[in-house]
Amino acid sequence: MDSEFWLERWRRREIGFHLEHPNPKLIRYWSHLNLAPASRVLVPLCGKSEDLLWLARQGHRVLGVEVSSLAVEAFFAEHKLQPQRLPDGPFERWTAGPLTLLCGDFFTLDRQAAGPLEAVYDRAALVALPPALRDRYVGCITELLPHGAEMLLVTFDYPQEEMQGPPFAVGPELVEVLYGNKFSVEHLACDAILAEEPRFQERGLTALSEHVFRLRRC
């Protein structure tokens, strides 16, 4: 699974992962992070998420990274924003007020392109990646964040053998394995959500839970 997979999903409008409203877990648990209002927040693999605008409305400066130009263009168009567009190394940088979206491959992002960061919000990035890419992704996140930076991480967990991802199953034990060496991990919530997700029932799942974690870079 590579960038072309997600580009094709956007071309075909196969974006069932997109929510038309801010994620309820973000709204409920964001305050658990110890952040100043003007903190700069990274949202990897952001799509055209409504969460970007919600974070900006809390006073944050928001940096999203998304490989699909269709998603980036749709985000600004749907919110009637007029972004400034500039080339920036392997990315195209779209900026409107406190919102910046880098259009390009997340795995090419470095500290220079990202700039200073105080936090990460990950609802759809880690669970979108197959096992072979998880260590690389976590390594990138770790390198981008200074000590003391915080993260709100939302994952799904289910019997992986019942469904082929994405989204992939990422439970508390795996989060600890992936992040435990460089982050403190606090498990904030676990909710059974299969009854609310008919599309996953149709794919054969017998159980589905949503987990929320607060991580802090050591």
Side-chain angles (χ1 to χ4, degrees), residues 1-33 43-55 64-68 70-72 74-75 78-79 106 120-138 141 151-180 185-215:
M1 183 180 298
D2 55 16
S3 296
E4 186 57 35
F5 173 87
W6 293 107
L7 292 170
E8 185 63 19
R9 289 283 294 268
W10 279 99
R11 283 193 289 264
R12 295 186 179 186
R13 302 287 298 169
E14 295 175 355
I15 53 172
F17 49 83
H18 174 71
L19 296 179
E20 297 294 339
H21 51 77
N23 189 284
K25 295 295 191 298
L26 170 63
I27 296 171
R28 180 173 180 181
Y29 292 104
W30 187 249
S31 62
H32 285 65
L33 276 60
V43 185
L45 284 63
C46 63
K48 59 172 186 173
S49 174
E50 295 296 313
D51 299 338
L52 297 163
L53 196 59
W54 186 91
L55 288 166
V65 184
E66 170 55 44
V67 72
S68 171
L70 295 176
V72 174
F75 173 79
E78 289 171 12
H79 294 291
F106 174 79
V120 173
Y121 170 59
D122 178 347
R123 179 195 76 89
L126 180 60
V127 296
L129 297 172
L133 288 178
R134 287 172 184 158
D135 286 340
R136 186 182 175 195
Y137 170 76
V138 171
I141 292 289
M151 180 190 308
L152 190 71
L153 171 65
V154 182
T155 72
F156 296 113
D157 196 17
Y158 61 87
Q160 186 68 81
E161 68 276 6
E162 292 185 356
M163 184 180 81
Q164 181 179 358
F168 294 92
V170 179
E173 297 82 4
L174 181 53
V175 171
E176 188 66 44
V177 168
L178 291 170
Y179 282 105
V185 179
E186 180 183 359
H187 192 188
L188 298 177
C190 174
D191 296 316
I193 62 169
L194 184 62
E196 308 162 17
E197 296 286 350
R199 66 191 178 103
F200 288 120
Q201 296 177 41
E202 293 168 3
R203 293 175 68 179
L205 290 192
T206 59
L208 177 66
S209 57
E210 190 173 31
H211 295 266
V212 184
F213 304 88
R214 176 191 178 190
L215 283 67

Visitor: Determine all donor-acceptor pairs shorter than 3.5 Å in which one atom belongs to a side chain in residues 206-214; sequence neighbours excluded.
Guide:
unit_1 : atom_1 : unit_2 : atom_2 : d
T206   : OG1    : E162   : OE1    : 3.1
T206   : OG1    : E162   : OE2    : 2.7
S209   : OG     : D157   : O      : 3.4
S209   : OG     : H211   : NE2    : 3.1
E210   : OE1    : K25    : NZ     : 3.0
H211   : ND1    : H187   : NE2    : 2.9
R214   : NE     : H32    : O      : 3.4
R214   : NE     : E150   : OE1    : 2.6
R214   : NH1    : H32    : O      : 3.4
R214   : NH2    : E150   : OE1    : 2.9
R214   : NH2    : E150   : OE2    : 3.3

Visitor: Using 0.5 Å steps for rounding, measure from the CG atom of L53 to the NE2 atom of H79.
Guide: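 The NE2 atom of H79 is 5.0 Å from CG of L53, to the nearest 0.5 Å.
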
Visitor: Quick one: does F75's side chain get under 4.5 Å of E66's, heavy atoms only?
Guide: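 Counting from C-beta outward, F75 and E66 never come under 4.5 Å.
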
Visitor: Do F200 and Y158 have side chains that get closer than 4.5 Å, going by heavy atoms?
Guide: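 No, side chains not in contact.
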
Visitor: Atom CZ in R28, atom CG in L26: separation rounded to 0.5 Å?
Guide: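 CG of L26 is found 13.0 Å from CZ of R28.
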
Visitor: Decide side-chain contact (heavy atoms from CB on, under 4.5 Å) for Y121 and L33; before the verdict, give the C-alpha distance in whole Å, the side-chain angles of both, and the deciding distance to 0.1 Å.
Guide: CA-CA 10 Å; Y121 170 59; L33 276 60; over 6 Å; no

Visitor: Please round to the nearest 0.5 Å and tell me the distance separating atom CG of L205 and atom CD of Q160.
Guide: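 Interatomic distance, L205 CG to Q160 CD, rounded to 0.5 Å: 9.0 Å.
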
Visitor: Go through the steps for F156 and I193 under the test side-chain contact (heavy atoms from CB on, under 4.5 Å), then give the verdict.
Guide: CA-CA 9 Å; F156 296 113; I193 62 169; 3.7 Å; yes

Visitor: Nearest 0.5 Å, what's the NE2-CG distance between H21 and D51?
Guide: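 The distance works out to 9.5 Å.
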
Visitor: Take a 6.0 Å sphere around CD of Q164 and say whether it holds more than 12 heavy atoms from other residues, nucleotides or ligands.
Guide: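 No, not enclosed.
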
Visitor: Looking only at heavy atoms, what is the nearest atom pair of A189 and Y29, with distance?
Guide: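 Answer, listing the atom of A189 first, then Y29: CB-OH, 3.1 Å.
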
Visitor: Show the numbers, then the answer: is there a side-chain contact (heavy atoms from CB on, under 4.5 Å) between L153 and Y179?
Guide: CA-CA 11 Å; L153 171 65; Y179 282 105; 4.2 Å; yes

Visitor: Which heavy atom in K48 sits nearest to a heavy atom in A74, and how many Å separate them?
Guide: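 For K48 and A74, the tightest heavy-atom pair comes out as CD-CB, 3.9 Å.
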
Visitor: Taking side chain as C-beta onward, heavy atoms only, is I141 less than 4.5 Å from L126?
Guide: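 Heavy-atom side-chain distance check fails, nothing below 4.5 Å.
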
Visitor: In the structure I gave you, are the side-chain heavy atoms of L45 and V65 within less than 4.5 Å of one another anywhere?
Guide: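 SC-SC contact between L45 and V65 ruled out.
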
Visitor: Just do the side-chain contact (heavy atoms from CB on, under 4.5 Å) check on L52 and C46 with the steps written out, would you?
Guide: CA-CA 8 Å; L52 297 163; C46 63; 4.1 Å; yes

Visitor: Within this structure, what is the CD-CE distance for the pair Q201 and M163, rounded to the nearest 0.5 Å?
Guide: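 The distance works out to 12.0 Å.
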
Visitor: Kindly say whether R199 contributes a backbone atom to a donor-acceptor pair with the side chain of E197 at under 3.5 angstrom?
Guide: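 Checking the backbone N and O of R199 against the side chain of E197, no donor-acceptor pair under 3.5 Å is found.
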
Visitor: Is it the case that atom CZ in R203 sees more than 12 heavy atoms from other parts of the structure closer than 6.0 Å?
Guide: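 Buried by this count: over 12 neighbours within 6.0 Å.
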
Visitor: Aromatic rings F106 and Y137: how do their planes relate, parallel, tilted or perpendicular, breaks at 30° and 60°?
Guide: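 Aromatic pair F106/Y137 classed tilted.
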
Visitor: What are the two closest heavy atoms between I27 and P22, and how far apart are they?
Guide: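 Answer, listing the atom of I27 first, then P22: CD1-CB, 3.9 Å.
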
Visitor: Checking E50 side chain against E20 main chain: does a donor-acceptor pair fall under 3.5 Å?
Guide: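 Here the side-chain-to-backbone pair does not exist.
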
Visitor: What's the spacing between L174 CG and T155 OG1 if we round to 0.5 Å?
Guide: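 So the gap between those two atoms works out to 8.5 Å.
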
